[in-house]
Amino acid sequence: MEITFKLYISTIKKYNGHMENKLKISSDNIGNKEIMANNLKRLLDSQRLNPHQFSDIMGFKYTTVMNWMKANSYPRIDKIELIAKYFGVDKSDLVEAYNPIKVEQSSNQKMLDDVFSKLENKRQIRVLNFAKSEWDQQTTEKITAIDKHTKIYSEEDFERMAKKAVAFGGGELSNKDIEFLKLYLKNNTDRIKED
């Protein structure tokens, strides 16, 4: 009787876990549909198109477009490819959450690529050298900023800090404990707060 009961409980737990997974998959799908719907609305607005005009241009059924925009359904990949091509965006711009920073970077990248491809070879080399110089300067500035906010500790500093510590209960630390504490402090300098 006890074994049968345990088996029954185990079966119920597995079923509940299976149902939770199904619900999770279902809710993830809803999120994807909403993301697609929001991106489609944003792109239509950017082109001053309404769903009816868009469906006519693309040759899609109006009701299908409306189902996408209401997050009732999700377009097949071939439709996503056509939509992306029409708007001149990547497929990821339709199926991933909108990120204005990514869009700005993407448009800047496209503009750079366009200009760069039109330059003669010797001018391309100049642009590359300039870009590398800017990147080197930016990296140096970041390192300098980090160094200004980072205190460099000497071996003596770690020794002094470790000796200030006391063992649990107020006793002195053993040499082994002090060495361990020094090692910990060296690896966690961002957590050190001195008096």
Side-chain angles (χ1 to χ4, degrees), residues 28-62 64-71 73-158 183-193:
D28 287 349
N29 253 352
I30 292 168
N32 290 341
K33 289 176 190 175
E34 288 174 356
I35 289 170
M36 179 69 186
N38 290 334
N39 287 334
L40 188 55
K41 289 173 192 172
R42 181 179 44 75
L43 290 167
L44 287 176
D45 288 345
S46 74
Q47 299 294 313
R48 293 181 166 68
L49 289 173
N50 63 43
H52 204 279
Q53 293 167 319
F54 179 67
S55 62
D56 287 344
I57 292 168
M58 298 300 292
F60 301 150
K61 289 183 182 177
Y62 173 73
T64 302
V65 172
M66 287 309 297
N67 280 331
W68 296 339
M69 295 189 67
K70 292 178 183 176
S73 64
Y74 194 82
R76 293 187 328 247
I77 188 66
D78 61 320
K79 303 295 186 212
I80 292 172
E81 288 173 350
L82 289 172
I83 296 168
K85 190 171 183 177
Y86 175 78
F87 287 110
V89 297
D90 295 329
K91 289 179 284 206
S92 62
D93 294 329
L94 291 168
V95 300
E96 294 175 4
Y98 176 65
N99 180 350
I101 294 170
K102 181 185 173 214
V103 171
E104 183 181 328
Q105 289 172 339
S106 178
S107 62
N108 287 343
Q109 182 69 43
K110 286 177 185 175
M111 192 172 16
L112 277 171
D113 289 345
D114 183 48
V115 170
F116 189 80
S117 68
K118 294 175 183 174
L119 292 174
E120 297 170 349
N121 190 37
K122 66 180 181 179
R123 292 178 189 268
Q124 287 178 345
I125 292 169
R126 275 195 241 150
V127 168
L128 286 172
N129 288 336
F130 176 75
K132 186 181 179 323
S133 168
E134 286 294 301
W135 183 68
D136 288 344
Q137 184 178 351
Q138 177 179 303
T139 304
T140 302
E141 288 169 1
K142 284 182 179 178
I143 290 171
T144 303
I146 290 169
D147 286 346
K148 284 181 183 176
H149 298 294
T150 304
K151 180 173 179 182
I152 306 300
Y153 292 97
S154 68
E155 187 65 31
E156 291 78 29
D157 291 329
F158 291 119
L183 182 63
Y184 174 81
L185 291 169
K186 287 177 186 177
N187 291 318
N188 294 281
T189 55
D190 59 323
R191 297 181 183 188
I192 296 174
K193 293 180 182 160

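Count residues from 1 along the sequence.
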Report, one line per pair, each donor and acceptor closer than 3.5 Å where one atom sits in a side chain of residues 127-134; sequence neighbours left out.
residue	atom	partner	partner atom	Å
Asn129	ND2	Ile125	O	3.4
Lys132	NZ	Asp136	OD2	3.0

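The ring pair (Phe, Tyr, Trp, His ring centres under 6.0 Å) search around Tyr62 returns His52, not counting sequence neighbours.
Atom CD of Glu120 is separated from atom CZ of Arg123 by 5.5 Å, given to the nearest 0.5 angstrom. Atom CG of Asp114 and atom CG of Leu119 lie 10.0 Å apart (nearest 0.5 Å). For the atom pair OH (Tyr74) and CG (Asn67), the distance works out to 15.0 Å, reported to the nearest 0.5 Å. The structure places CE of Met69 at 9.5 Å from CG of Asn38, a figure rounded to the nearest 0.5 Å. Put simply, CG on Leu44 and CG on Asn39 are 11.0 Å apart, with the number rounded to the nearest 0.5 Å. Remark: Ile83 CD1 to Tyr86 OH distance equals 11.5 Å, nearest 0.5 Å.
For the residue pair Val65 and Ser55, the shortest heavy atom distance occurs at CG2-CB, 3.7 Å. Shown here for Asp93 and Arg42, the closest heavy-atom pair between the two residues is O-NH2, 3.6 Å. Smallest separation of non-hydrogen atoms from Leu94 and Ile80: CD1-O, 3.5 Å. A pairwise comparison of heavy atoms in Gln124 and Ser117 identifies NE2-CA, 4.1 Å as the closest pair. Looking at every heavy atom in both residues, Ile57 comes nearest to Leu49 through CD1-CD2, 3.9 Å. When all heavy atoms of Lys91 and Ile77 are compared, the pair lying nearest together is CD-CD1, 4.3 Å.
Without hydrogens or angle criteria, Asn50 side chain to Gln53 main chain gives a donor-acceptor distance under 3.5 Å.
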